[in-house]
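Following: one structure in structure tokens, then a few remarks.
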Amino acid sequence: MPAEFDVAIIGLGAMGSAAAAFAASRGARVIGIEAHYPAHALSSSHGDSRLIRLGYFEDPSYVPLLKRAYENWRALEARLREEILTVTGVLQIGRPDSKIVSGTLASCKMHGLTHELLDKHEMARRYPAFALDDDEIGLLDPQGGYIRPEAAIMGFLKLAAGDGAELHFGERVEAISPDADGVTVISANGRYRARKVIVATGAWIAELVPELVSKAQPIRQVVAWYQPEDGFIAQPGRMTCFLRDDGENGSFFGFPAIGADGVKIGRHAHFREPIDPTLPNPPVNDADTELLDTFARKRLPKAASHRIRATTCRYTMLPSEDFLIDFVPGNRNVVVSSACSGHGFKFTSVIGEILSDLALDGGTKLPTSLFSFERHFPKG
Ligand SMILES: Cc1cc2nc3c(=O)[nH]c(=O)nc-3n(C[C@H](O)[C@H](O)[C@H](O)COP(=O)(O)OP(=O)(O)OC[C@H]3O[C@@H](n4cnc5c(N)ncnc54)[C@H](O)[C@@H]3O)c2cc1C
């Protein structure tokens with residue numbers, strides 16, 4: 001059967017919608033198939049806000065990709081005539097030897113990035129929302145801020161459709177059958193033939209990529225929103241987005257009151273609670289809210305005073321917490337995107353470009369050596 005499409009994209013969440021936009025903008029014949037509706041709240045890409053920062057504590061080798069991601073976010077905004085990325089600064093708080101502070105500093109120094117180191121008194125003067133310990137410092141990344149995830153996904157889908165991509169929603173892909181000439185994609189509604197397939201199914205990745213069974217682990221994540229007692233100090237401008245190393249309590253992230261629901265808080269990886277992606281997320285429970293309320297009371301007493309709502313989400317963890325973006329071993333017609341471990345959204349705008357390059361050109365000039373199958377799971 002001849003290929004109807006140059007590329008089939010399975011999953012139109014963050015990475016799949018971006019890949020569809022990039023591939024369609026190059027004139028490729030694109031089909032995108034999504035099990036749910038656009039920008040839905042059942043997987044990993046909902047909840048109003050995602051952090052973006054340039055000094056990357058996780059590994060300085062992400063910085064060149066982040067620079068490209070920023071350029072691509074701005075290009076997306078220009079095409080949409082809509083703001084997607086808002087710069088507020090990101091304050092990274094912790095002891096000087098904490099990974100968040102020391103890793104960000106190393107990354108900033110290595111790449112010559114603008115940053116400011118603030119002692120407790122200077123942080124308290126500029127950002128009264130944060131309650132601080134005497135031995136904590138802050139590293140301000142002035143380029144940091146937040147992205148609106150639902151708006152980003154809707155924007156990528158709009159551009160993809162405008163450039164001729166065929167987008168199917170409410171259609172679950174049940175299997176892919178790759179061969180030497182291309183791939184057959186099988187859903188409840190039909191069969192499609194494409195030269196290449198991009199599998200970007202987030203928490204469900206292992207269902208279509210058996211190489212990732214028991215390696216890409218979905219876990220449950222919870223975030224909560226709080227109304228401030230003092231509305232002034234929680235406003236963007238008076239309060240930055242933040243990451244905070246809270247010692248043995250873990251790493252927390254948060255946002256100022258950028259919407260009506262107020263200040264948003266979460267702990268990275270929450271309780272690292274594995275979930276079965278085929279089942280709905282277990283609902284928010286008392287242990288979830290107690291964890292987040294305790295942090296709010298102690299660290300943001302006037303900015304995050306009254307919890308008004310909480311919700312669940314999903315991370316898909318790989319052992320190294322780096323992304324996996326590569327062809328499946330032994331078949332260059334199947335491209336896999338597993339880009340979560342809780343920090344993938346900010347890269348969506350560059351990962352879309354990478355996925356499109358891999359599918360349409362068989363490779364990319366962007367630096368992706370961190371993301372190979374071989375690096376994640378060396379043979380032998
Ligand atoms: C609470 C929370 C906070 C986060 N904070 C940040 C942050 O501050 N900064 C940051 O950079 N990152 C953050 N992340 C991570 C980031 O959101 C993820 O990296 C990103 O959303 C992953 O996108 P994805 O495209 O891989 O998955 P998704 O957006 O979940 O997309 C996968 C899609 O595939 C679809 N699908 C699945 N199976 C099938 C199938 N068989 N057929 C058809 N469709 C299918 C699903 O319905 C879904 O729409 C956070 C994540 C969470 C949960």
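In what follows, residues are counted from 1 in the order of the sequence shown. Counting starts at 1 for both ligands and their atoms, following the listed order.
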Using distance only, find each side-chain donor-acceptor pair of residues 227-234 under 3.5 Å and give its atom names and separation, not counting sequence neighbours.
{"residue": "Gln227", "atom": "NE2", "partner": "Ala260", "partner atom": "O", "Å": "2.9"}
{"residue": "Asp230", "atom": "OD1", "partner": "Phe232", "partner atom": "N", "Å": "3.0"}
{"residue": "Asp230", "atom": "OD1", "partner": "Ile233", "partner atom": "N", "Å": "3.4"}

Only pairs under 3.5 Å count here: list side-chain donor-acceptor contacts from residues 356-365, not counting sequence neighbours, and write none if there are none.
{"residue": "Asp357", "atom": "OD1", "partner": "Arg26", "partner atom": "NH1", "Å": "3.4"}
{"residue": "Asp357", "atom": "OD2", "partner": "Thr364", "partner atom": "OG1", "Å": "2.8"}
{"residue": "Asp361", "atom": "OD1", "partner": "Arg26", "partner atom": "NH2", "Å": "2.7"}
{"residue": "Asp361", "atom": "OD2", "partner": "Arg26", "partner atom": "NH1", "Å": "3.1"}
{"residue": "Asp361", "atom": "OD2", "partner": "Arg26", "partner atom": "NH2", "Å": "3.3"}
{"residue": "Thr364", "atom": "OG1", "partner": "Leu366", "partner atom": "N", "Å": "3.2"}

Please tabulate, for side-chain N and O atoms in residues 197-213, each donor-acceptor pair with protein atoms closer than 3.5 Å (sequence neighbours left out).
{"residue": "Trp204", "atom": "NE1", "partner": "Pro277", "partner atom": "O", "Å": "3.0"}
{"residue": "Glu207", "atom": "OE1", "partner": "Arg172", "partner atom": "NH2", "Å": "2.8"}

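Within 6.0 Å of CG on Asp286 lie no more than 12 heavy atoms contributed by other residues, nucleotides or ligands. Other residues, nucleotides and ligands contribute at most 12 non-hydrogen atoms within 6.0 Å of the NZ atom of Lys158.
For Phe373 and His376, the gap between ring centers reaches or exceeds 6.0 Å.
Near ligand 1, residues Ile10, Gly11, Gly13, Ala14, Met15, Ile33, Glu34, Ala35, His36, His40, Ser43, Ser44, Ser45, Arg50, Leu51, Glu171, Arg172, Val173, Ala200, Thr201, Gly202, Trp204, Gln221, Val223, Cys313, Arg314, Tyr315, Ala339, Cys340, Gly342, His343, Gly344, Phe345, Lys346 come within 4.0 angstrom through at least one heavy atom.
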